[in-house]
Amino acid sequence: MQFQRAVLALAIAAAVAACDDTHDDHTAIMGGSDGQSREASAPALTDARGRTIPYPRLPADAPGHVTPAGEEHAVAVWIQDHQPMASTYAPTSGWSPPQPLESLFGEASDAQLVANAAGTAMAVWRHTVGSIQSLRFSRFEPAAGWSVPDVMPGALPRPPGQATPPRLEMDAAGNVTAQWPSGFDERETQASRYTVGQGWSRAVSVRLAAAAPAPPSPRAGPPP
């Protein structure tokens, strides 16, 4: 069992590292807690034909993400009133009315979003109930819409404000890798992989590389 966990951890870490070199990040951050929209400072969104995709109109205090999905479409996910919300864009109809992905007791935060050229998207967010932390997700398919949200097995993120949100990468087939700072040990991250047709693997812990020791300070030589 330990060997299998180690192999899975190495495979996920390798997949994340590989994505670092190939991922073209078009995801833009929307909203903010300062009462100002970040639309003006966000990068321009365009579809595969180079046409501009307008940003959805959101409350200024509803931070989230928007990204192209497919040749002409886009998806947006954000947190509003402590719950995850979503909308989809089509050039003929614009942005769809905001859709709550779920409404659970507790608070959602740190919504993350990734999509690919086939129009598939994955949203992951933190869910907090008291001192209990978990990661939840919903998957978007153009023909089916958003899936019923569920919990990522074995995931324990650190509390809000103590670590960066999960990092997501999606390949052309729709498989997703996720990595986030572990709530079990500050010297570890957790990682998981979503495989089409199988779902999320149980999260595994990956030890952080030890920081390289600082080089010794040069010692002064004898006076001339």
Side-chain angles (χ1 to χ4, degrees), residues 26-39 42 45 53-69 73-90 93-115 119-170 174 176 178-183 190 192 194 199-200 203:
H26 290 106
T27 303
I29 299 173
M30 306 176 298
S33 59
D34 55 3
Q36 299 293 326
S37 172
R38 295 184 186 172
E39 179 178 338
L45 289 176
I53 298 175
Y55 279 80
R57 303 300 300 176
L58 304 179
D61 60 350
H65 294 266
V66 58
T67 185
H73 298 76
V75 292
V77 170
W78 67 96
I79 302 299
Q80 185 173 344
D81 297 328
H82 306 298
Q83 299 297 336
M85 305 287 291
S87 180
T88 58
Y89 172 83
S93 57
W95 286 99
S96 65
Q99 168 190 349
L101 292 179
E102 66 178 356
S103 180
L104 293 180
F105 177 74
E107 296 186 359
S109 61
D110 290 340
Q112 301 297 301
L113 177 66
V114 69
T120 300
M122 178 72 76
V124 174
W125 59 92
R126 178 202 309 274
H127 187 246
T128 303
V129 179
S131 61
I132 301 174
Q133 307 291 326
S134 62
L135 292 179
R136 296 181 64 79
F137 72 94
S138 180
R139 185 175 175 85
F140 178 83
E141 297 286 355
W146 291 98
S147 68
V148 176
D150 203 353
V151 66
M152 290 178 63
L156 181 63
R158 295 179 195 171
Q162 294 187 17
T164 56
R167 180 179 180 183
L168 307 178
E169 301 284 353
M170 177 181 284
V176 182
Q179 196 170 35
W180 61 93
S182 172
Q190 282 193 299
S192 182
Y194 181 95
W200 287 100

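Since the structure is predicted, the reported quantities are computational estimates derived from the model, not experimental observations. No hydrogens, no waters, no symmetry mates; every other heavy atom, side chains included, goes into these values.
Here the side chain of Glu102 pairs no donor or acceptor atom with the backbone of Gln83 at under 3.5 angstrom. His127 places a side-chain N or O within 3.5 Å of a backbone atom of Phe105 that can act as its donor or acceptor partner. In this structure, Ser87 contributes its side chain and Ser96 its backbone to a donor-acceptor pair below 3.5 Å.
Between atom OH of residue Tyr194 and atom CG of residue Leu168 there is a gap of 13.0 Å, rounded to the nearest 0.5 Å. Here Met85 contributes atom CE and Ser103 contributes atom OG; the two are 10.0 Å apart, rounded to the nearest 0.5 Å. The CD atom of Gln99 sits 8.0 Å away from atom CH2 of Trp146, with the distance rounded to the nearest 0.5 Å. Note: Glu107 CD to Ile79 CD1 = 10.5 Å, rounded to the nearest 0.5 Å.
Residues Trp125 and Leu101 have side chains in contact (heavy-atom distance under 4.5 Å, counting atoms from C-beta outward). A heavy-atom distance below 4.5 Å is found between the side chains of Val75 and Thr67. For the pair His65/Val77, no side-chain contact is recorded, criterion being any heavy-atom separation below 4.5 Å from C-beta on. Residues Arg126 and Pro160 have side chains in contact (heavy-atom distance under 4.5 Å, counting atoms from C-beta outward). Under the 4.5 Å side-chain criterion, counting only non-hydrogen atoms from C-beta, Val148 is not in contact with Ser138. Residues Pro159 and Gln133 have side chains in contact (heavy-atom distance under 4.5 Å, counting atoms from C-beta outward). Between Arg139 and Thr120, the closest side-chain pair of non-hydrogen atoms falls below 4.5 Å.
Between Phe137 and Trp200, the ring-plane angle classifies as perpendicular under the 30° and 60° cut-offs.
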(message) Please determine whether side chain to side chain contact (heavy atoms under 4.5 Å, CB included) holds for the pair Val66 and Trp95, giving the CA-CA distance in whole Å, both sets of side-chain angles, and the decisive distance to 0.1 Å.
(response) CA-CA 11 Å; Val66 58; Trp95 286 99; 3.5 Å; yes
(request) Using the side chain to side chain contact (heavy atoms under 4.5 Å, CB included) rule, take Gln112 and Trp180 through it: C-alpha gap first, then chi angles, then the decisive distance, then the call. (result) CA-CA 11 Å; Gln112 301 297 301; Trp180 61 93; over 6 Å; no
(message) Between Gln190 and Leu156, does the side chain to side chain contact (heavy atoms under 4.5 Å, CB included) criterion hold? Intermediate values first, please.
(response) CA-CA 8 Å; Gln190 282 193 299; Leu156 181 63; 3.9 Å; yes
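The two residues Met152 and Val124 make their nearest non-hydrogen contact at SD-CG1, 3.8 Å.
Shown here is Asp150, whose CG atom has more than 12 heavy atoms of other residues, nucleotides or ligands within 6.0 Å.
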